[in-house]
Amino acid sequence: MRESWRWFGPSDPVTINDIRQTDATDIVSALHHIPIGDAWPIAAIREHQALIEICEPGRSPLVWSVVESIPVHEDIKLAREGCQRYIDNWIATMENLAACGIKTICYNFMPVIDWTRTDLKYQLPSGGYALRFDQQKFAVFDLFILQREGAEQDYSAQEIAAARGIFEQMSEEELKLLTNNIIAGLPGKMTDAYGLETFRTTLAKYRDIDADTLRNNLFKFLECVLPVAETLGVKLAIHPDDPPRDMLGLPRIICTAADLEILFNRLPSPANGITLCAGTYGSRPDNNLPEMARTFASRIHFSHLRGVIRDTDEQRSFYEASHLNSDVDIVGVIAALLAEERRRKAEGDEGNEIFIRPDHGHQILDDVSKSVNPGYSCIGRLKGLAEIRGVVKALQYSD
Ligand code: DNO
């Protein structure tokens, strides 16, 4: 198991030398400054790699091992005429990364929005802060701020009334914040930031795209990408849709074990793999994470370890809990990942380790007064990593 840490590049308030002090060995990063749809040139990849890998003699080395993510242009998701150009660019990026030795690639196929939360500073009983997704606030956005055509059909009369009540209580400031959280996107997002009007226009492009169509568009994309990935020895790791269900009238197709079965039955290529994001899949009560980790073990190249606690009365709402105390059985997931690594080793595939990273951390201690990318605090993530590391050691000891 390789301990990795996400770095957003030179503007990340958590520097490479800070990360070095966590004792993580691998870096997860991307070229966020290159416009979505363009190919990443080798020179730009090498420049970023040098920022990560060149260090003073005697210091612990860090390696850029995982890309999170190469964004998939909306035209590919929509299978629009002319999208082949973007697929070719995506493949060129993958080839260039492989030429630089970076061969584990996370990506996602979420239309229009990437990962989404309604609250970025949800206060915990400890006084620290977490990220939260609140279904009622999301309904406020959808029904009363965005005023999406047909939105009322997606909510019960009771839900609409509750959302109206909340909307009427919210200040201008709060409404603006909620809107920004949803349409401006969160760090690491692989979609553009929108204004309300462009957001509506972009959503409208998906009017005729249902889940089957979107799935077919993913297959068309992968049919072009997988053969090249196989030749290059690249492992692709699709990230689930977060939160894992349809939203804003958009289909979301990587949400459950059943979705993954469909993907692998259709495209069994060994290059076709997943990012097991425990927190994302775990925000649905019908996903059993240790079981998913065992079922799809050979497909897991990368894992985001974190947990969520779902509201008891509204299971679609959740907050990001501490890494080990949540509704997600992280210890069970880690045990399954370690078992898979033992299997790979026994079969002679020793170097094929799983990259894990402590996903989103709380904002605690010095994080609170610093500028922090939501979810990507230093101390909060380090606490998560330390807890995960403890579990790994304990499980390895008892083997
Ligand atoms: C959130 C992340 C996502 C993820 C992309 C993967 O913290 O897990 O931003 O990086 O959606 O493609």
Side-chain angles (χ1 to χ4, degrees), residues 4-9 12 14 27-32 34 36-37 40 64-74 76-77 90 93-94 97 102 104-120 130-133 181-193 218 221-222 225 235-245 247 250 252-255 263 272-283 289 300-308 318-321 323 328 355-363 372-378 380-381 384-385:
S4 68
W5 186 280
R6 191 173 199 179
W7 184 60
F8 288 109
D12 193 326
V14 184
I27 294 289
V28 175
S29 200
L31 301 188
H32 295 281
I34 298 191
I36 295 177
W40 300 358
W64 183 11
S65 307
V66 181
V67 170
E68 179 173 354
S69 298
I70 311 179
V72 177
H73 195 280
E74 290 300 306
I76 301 178
K77 298 174 202 164
W90 206 97
T93 298
M94 178 173 74
L97 286 163
I102 306 163
T104 303
I105 297 175
C106 171
Y107 69 103
N108 74 68
F109 214 75
M110 288 179 249
V112 189
I113 44 170
D114 199 292
W115 68 296
T116 303
R117 299 289 181 270
T118 53
D119 300 273
L120 308 184
L131 307 183
R132 170 167 165 85
F133 182 88
N181 291 348
I182 297 172
I183 67 175
L186 295 174
K189 69 181 187 318
M190 293 295 141
T191 51
D192 284 319
L218 169 64
F221 165 68
L222 286 176
V225 170
K235 293 176 262 178
L236 296 181
I238 195 164
H239 186 283
D241 303 340
D242 181 5
R245 59 173 181 273
M247 320 192 76
L250 296 166
R252 309 255 262 183
I253 53 169
I254 304 291
C255 301
L263 173 67
N272 193 11
I274 61 169
T275 297
L276 185 76
C277 181
T280 302
Y281 284 117
S283 46
L289 262 295
I300 302 173
H301 304 307
F302 184 32
S303 184
H304 292 174
L305 296 175
R306 71 175 163 90
V308 297
F318 59 85
Y319 71 91
E320 299 191 358
H323 283 68
V328 185
F355 292 95
I356 52 125
R357 71 170 177 84
D359 204 7
H360 314 165
H362 290 162
Q363 242 182 299
V372 160
N373 281 320
Y376 289 89
S377 57
C378 186
R381 272 188 296 166
L385 176 60

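For ligands, and for the atoms within them, numbers begin at 1 and follow the listed sequence.
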Closest heavy-atom pair, Asn181 versus Arg117, reported as atoms and distance to 0.1 Å, is CB-O, 3.6 Å

Output all residues satisfying side-chain contact (heavy atoms from CB on, under 4.5 Å) with Ser65, sequence neighbours left out; order by chain, then residue number.
-> Arg2, Asp26, Val63, Phe355

Can you name the closest pair of heavy atoms from Thr280 and Asp241 and give their distance?
-> CG2-O, 3.2 Å

Any donor-acceptor N/O pair, Ser4 side chain to Ile356 backbone, under 3.5 Å = yes

Evaluate the criterion salt bridge (Lys or Arg N to Asp or Glu O under 4.0 Å) for residue pair Lys77 and Asp114; output intermediate values, then yes/no.
-> CA-CA 13 Å; Lys77 298 174 202 164; Asp114 199 292; over 6 Å; no

Do the charged groups of Arg306 and Glu320 touch, with an N to O distance under 4.0 Å?
-> yes

Could you give the N/O to N/O pairs under 3.5 Å linking ligand 1 and the protein, each with its distance?
| from | atom 1 | to | atom 2 | distance (Å) |
| --- | --- | --- | --- | --- |
| ligand 1 | 7 (O) | His360 | NE2 | 2.4 |
| ligand 1 | 7 (O) | Tyr376 | OH | 2.4 |
| ligand 1 | 8 (O) | His239 | NE2 | 3.1 |
| ligand 1 | 9 (O) | Trp115 | NE1 | 3.1 |
| ligand 1 | 9 (O) | Gly188 | O | 3.4 |
| ligand 1 | 10 (O) | Arg6 | NH1 | 3.1 |
| ligand 1 | 10 (O) | Arg6 | NH2 | 3.1 |
| ligand 1 | 10 (O) | Glu68 | OE2 | 2.4 |
| ligand 1 | 11 (O) | Asn108 | ND2 | 3.1 |
| ligand 1 | 11 (O) | Asp114 | OD1 | 2.7 |
| ligand 1 | 11 (O) | Asp114 | OD2 | 3.3 |
| ligand 1 | 12 (O) | Ser69 | OG | 2.5 |
| ligand 1 | 12 (O) | Asn108 | ND2 | 2.7 |

